Amino acid sequence: MGGAVRRVPTYCPLCVSKCGATAVLDDGAFVALEPDPSHPTGQAVCIKGKAAPAVLNHSDRLLYPVRRTAPKGAADPGWQRISWDEALDTIAERLTAAVREHGPESVVFASASPSTSAMSDSIDWLNRLRRAVGSPNFAVYMELCAWGRMGAPLYTFGAPVPGSYMPDLDNAGCILFWGYNPSVARLAHATATTAAVRRGAKLVVVDPRRAGLASKADHWLRVRPGTDAALALAMTHVMITRGWYDEDFVRRWTNAPLLVRSDTGRLLRADEVFGDGEPGGYVAWDGRPVRYDPSAGLYDGEESRLDLAGTHDVPTVAGRVVCRPVFAVLAEECARMSPEAAEALTGVPAGAIEACARTLWESRPVAFYTWSGLEQHSNVTQTVRAIDVLYALTGCLDAPGGNVLFSAVPANPVAPMVAPGDRVRALGFSDHPLGPAQFDFLTGSALYSAALDGRVRALLTFGANLVMAHGDTARGREALAAVDFVAHADLFLNPTAELADIVLPVAAAFEAEALRIGFETSQDAQSLVQLRTPLAAPRGEARSDLQIIFALAERLGGGDQFFGGDIEAAFRHQLEPAGVTLEQLRDNPAGVRVPLTTTYRKYRDTGFRTPTRKVELYSETLGDAGVPPLPTYAEPATSPRSRPDLAAKFPLVLTCAKSLWFCESQHRGIAALRKSTPDPQVELHPETAAARGIGPGDWVRISTPTGSVRARAKFNANLDPSVVCGQHGWWQACPELDLPAYPIQGPDSANLNLILSQNPSDPISDSSPLRSSLCEITRL
Ligand SMILES: Nc1nc2c(c(=O)[nH]1)N[C@H]1C(S)=C(S)[C@@H](COP(=O)(O)OP(=O)(O)OC[C@H]3O[C@@H](n4cnc5c(=O)[nH]c(N)nc54)[C@H](O)[C@@H]3O)O[C@H]1N2
Ligand SMILES: Nc1nc2c(c(=O)[nH]1)N[C@H]1C(S)=C(S)[C@@H](COP(=O)(O)OP(=O)(O)OC[C@H]3O[C@@H](n4cnc5c(=O)[nH]c(N)nc54)[C@H](O)[C@@H]3O)O[C@H]1N2
Ligand code: SF4
Ligand SMILES: [Mo]
């Protein structure tokens with residue numbers, strides 16, 4: 001450093017953590033990012049955040065809009081530089097033509113995940129643009145990254161728990177991380193958890209690997225990948241039989257007392273019993289049938305006396321019907337999964353299951369988070385249901401130290417949620433009507449199918465590396481090549497951009513201004529509003545995602561919803577209800593706090609947004625769709641137990657995890673990051689390696705029934721010897737370190753998703769089974 005050093009308060013948007021930070025500028029040049037402990041998410045910044053200046057300055061950055069001149073499939077696309085006007089006009093014309101000629105459902109919008117890129121700055125505006133165009137298709141990895149946190153919990157809680165109801169780590173007595181490793185994935189959660197453990201909170205981690213905080217945990221449950229539901233059901237069984245559940249909450253706030261008909265498996269309806277033609281009510285039991293009116297959330301009797309057990313011969317207008325309360329049916333279902341039965345399936349000792357259930361009960365309040373370890377499985381919806389029911393029994397939802405919907409700074413929404421209603425539905429909706437498609441989210445598998453049969457005519461992607469992020473890479477490339485027109489906006493020419501007709505250069509995060517209202521992880525964090533100042537001019541002709549989105553909106557006739565292209569006016573509109581002005585934010589780059597108070601147990605006023613207005617231990621919605629209404633264990637579709645035929649040749653269970661050094665398929669070109677992990681890795685147990693003549697660091701081949709890729713062996717003695725863990729996202733070269741690129745297909749490929757499949761997927765959400773498949777590892 002030579003010149004004048006300036007420090008600018010900011011935050012890092014490169015991943016979900018949004019770490020509060022201080023940028024260091026030397027003679028005007030952005031050179032470093034440091035933690036800002038005064039910021040609610042600023043206890044630490046990770047190595048990727050520290051490398052942010054290197055991302056900005058990388059020699060492979062895209063600098064100009066380009067268009068393809070050679071046909072798709074040609075070895076060289078023949079990129080030709082074009083002007084922004086030509087690029088934007090062409091995109092607008094092609095999207096408009098696709099809508100006109102093939103309907104709005106032929107147009108797909110896609111985005112890099114806001115958890116792994118600065119698309120978090122602009123994704124809501126992209127979504128608004130999608131809706132202005134009328135497209136029902138937003139491909140943003142809902143089924144791989146968010147269904148378990150956001151979508152599946154709707155069937156239990158009617159709300160995204162833990163996606164929006166965040167763990168109140170500052171006040172938790174016990175923290176449960178299930179398939180989630182915040183030490184890698186969300187630093188702000190990791191530092192808050194370490195502080196909680198220091199003050200005495202218990203920690204439970206369920207993970208096949210002893211990664212991150214698992215080494216500090218009171219219980220680390222080494223589950224076989226994809227068998228998590230068995231573990232949750234067994235814990236629930238222990239809690240019910242020991243009486244370790246919040247009986248008052250269960251009786252008043254879940255649908256535990258409602259009677260289930262033994263003949264049809266449906267909930268008994270009030271008009272079936274009382275014959276008074278009043279539709280919509282349910283029935284509980286207190287020595288006699290008691291009416292429950294969900295619209296008022298009220299029982300026609302004393303709630304505290306409602307039966308949770310027993311079998312009742314209920315008089316109905318059509319004769320007597322044998323019924324049991326939901327809770328009794330749940331207890332019976334869970335009793336089929338004793339800790340011993342779960343041990344045989346999951347590999348977790350029965351004693352550890354019992355001990356863990358005791359900790360959850362005795363160390364309440366419990367706060368939990370689940371993530372990728374659960375998302376990418378053929379049984380994610382049932383697994384999440386099982387964990388949500390377990391969590392409901394603790395009674396900690398929206399209680400201090402539990403999972404709390406923290407108050408948010410009032411703001412005008414950018415892209416309000418649309419009611420399902422009568423409108424064009426996302427592609428794939430008819431196959432998975434209860435999955436992401438009902439909310440306009442397009443799954444990868446539905447995208448590929450529709451593209452291959454000519455139903456997708458135009459695709460606009462902001463940063464998503466679709467062909468590497470989804471399983472079945474080969475099918476993905478064919479699918480994208482079959483789309484008439486693809487435009488891609490990115491910082492780098494990733495393998496998905498290579499299939500585009502037009503590629504737009506995007507400004508890096510720290511080259512663009514962005515508004516953030518709330519930092520999610522605590523009430524304090526939620527109260528902070530911050531405007532991120534640009535620290536450098538965009539390279540070349542790069543423009544920010546927001547500029548591109550607003551410019552396209554003008555051309556697509558949606559300009560009035562985009563403030564005539566004026567981004568500042570849009571920010572002002574968002575901020576209006578907050579009582580914070582842009583000027584205040586510009587004067588205070590560290591952000592402005594809006595005082596907020598947390599209200600707990602809001603369900604006492606509103607009930608839950610489910611058909612019964614209660615937490616649905618029993619989901620008739622799922623039952624009516626032909627899936628079990630109670631959480632049920634389903635063996636992963638491709639496992640040693642479900643496919644012994646394949647297991648003979650592919651005896652190892654293959655899962656995967658994120659890397660500390662890279663975000664998804666990014667950052668392999670950054671020397672400061674690549675030097676820590678120069679090559680793709682696969683973790684395996686030393687005995688597993690020894691049996692195959694593999695030494696640490698040896699190049700190996702990972703083979704699945706679909707194909708094989710390369711990686712280096714990394715020993716991990718904490719793994720079950722039958723489980724191995726790979727990494728996805730390897731394609732980019734690092735010339736500075738003389739480290740190679742990897743082709744995304746072919747014998748030299750290291751692309752894990754080339755050999756992982758999108759199917760068989762979860763029947764509700766269409767989530768791909770990327771975290772439980774079968775493989776063999778051999779020395780190269
Ligand atoms: N450094 C870094 N941070 C990131 C990202 C990144 O790529 N790099 N990506 C961002 C994104 S998009 C996301 S979605 C989040 C994800 O954040 P996480 O969900 O925490 O990410 P992972 O490390 O992939 O998965 C968490 C854990 O699940 C375990 N696991 C694997 N299979 C199973 C299983 O069957 N059951 C259970 N219980 N656990 C299993 C893995 O061993 C791993 O330790 O991170 C975000 N942050
Ligand atoms: N096997 C396996 N597959 C997985 C996963 C896994 O754990 N295992 N994880 C899944 C998950 S959880 C997710 S979220 C997806 C992630 O998939 P993606 O969200 O597609 O993430 P990346 O693969 O990192 O690609 C992101 C692209 O966006 C670009 N980019 C970065 N920042 C910006 C920006 O601010 N604006 C624009 N326009 N572009 C930007 C990057 O240069 C890069 O090309 O992958 C999924 N695939
Ligand atoms: S964890 Fe790292 S990449 Fe993610 S926001 Fe924090 S500093 Fe940035
Ligand atoms: Mo993700």
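Along the sequence shown, residues are numbered consecutively beginning with 1. When reading the values below, keep in mind they use all heavy atoms of this one structure, side chains included, and skip hydrogens, waters and symmetry mates. What you see is a predicted model; the values in this text were computed from it and never measured.
- A ring-centre distance under 6.0 Å is found for Y141 and H470.
- In this structure, CD in Q758 is found 8.0 Å from CG in L144, a value given to the nearest 0.5 Å.
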Apply the test salt bridge (charged side-chain N to carboxylate O under 4.0 Å, His left out) to residues D501 and R94: give CA-CA distance (whole Å), side-chain angles for both, the deciding distance (0.1 Å), then the verdict. CA-CA 11 Å; D501 297 278; R94 298 297 296 261; over 6 Å; no
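- Salt bridge annotation for R477-E498: absent, with no cationic side-chain nitrogen under 4.0 angstrom from a carboxylate oxygen.
- A donor-acceptor contact shorter than 3.5 Å is absent between the side chain of R701 and the backbone of E776.
- Atom OG1 of T156 and atom CG of D388 lie 4.5 Å apart (nearest 0.5 Å).
- For Y369 and F177, the gap between ring centers reaches or exceeds 6.0 Å.
- Between the side chain of T383 and the main chain of N379, a donor-acceptor pair closer than 3.5 Å is present.
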For salt bridge (charged side-chain N to carboxylate O under 4.0 Å, His left out), just list the numbers for R457 and E105, CA-CA rounded to whole Å, side-chain angles, deciding distance to a tenth of an Å, and then say yes or no. CA-CA 9 Å; R457 296 305 178 126; E105 64 276 26; over 6 Å; no
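- Nearest heavy atoms, H377 versus S772: ND1-OG, 3.2 Å.
- Put simply, the side chain of S767 gets close to the backbone of E143: a donor and an acceptor are under 3.5 Å apart.
- How far CG of D490 is from OG1 of T461: 7.5 Å, rounded to the nearest 0.5 Å.
- The backbone N or O of P743 lies less than 3.5 Å from no partner atom in the side chain of N751, so there is not a single donor-acceptor pair.
- The residues D440 and R423 are annotated as salt-bridged, a charged nitrogen and a carboxylate oxygen being separated by less than 4.0 angstrom.
- To the nearest 0.5 Å, atoms CD1 (I702) and CD (Q727) are separated by 9.0 Å.
- Side chain of K614 to backbone of P294: no donor-acceptor contact under 3.5 angstrom is found.
- Here the straight-line distance linking atom CG of L390 with atom CG of L233 works out to 9.0 Å at 0.5 Å rounding.
- Aromatic ring centres of W178 and Y391 lie farther apart than the 6.0 Å criterion allows.
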Between E664 and H728, does a side-chain hydrogen bond (donor to acceptor under 3.5 Å, both in side chains) hold up when you go through it step by step? CA-CA 7 Å; E664 306 293 322; H728 87 288; 3.2 Å; yes
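- A donor-acceptor distance shorter than 3.5 angstrom exists from the side chain of S642 to the backbone of P636, with no hydrogens or angles considered.
- To the nearest 0.5 Å, atoms CG (L770) and CD1 (I755) are separated by 11.0 Å.
- Look at D624 and R266 and you find a salt bridge, because one of the NZ, NE, NH1 or NH2 atoms lies within 4.0 Å of a carboxylate O, short of that distance.
- A donor-acceptor contact closer than 3.5 angstrom is absent between the side chains of Q745 and S749.
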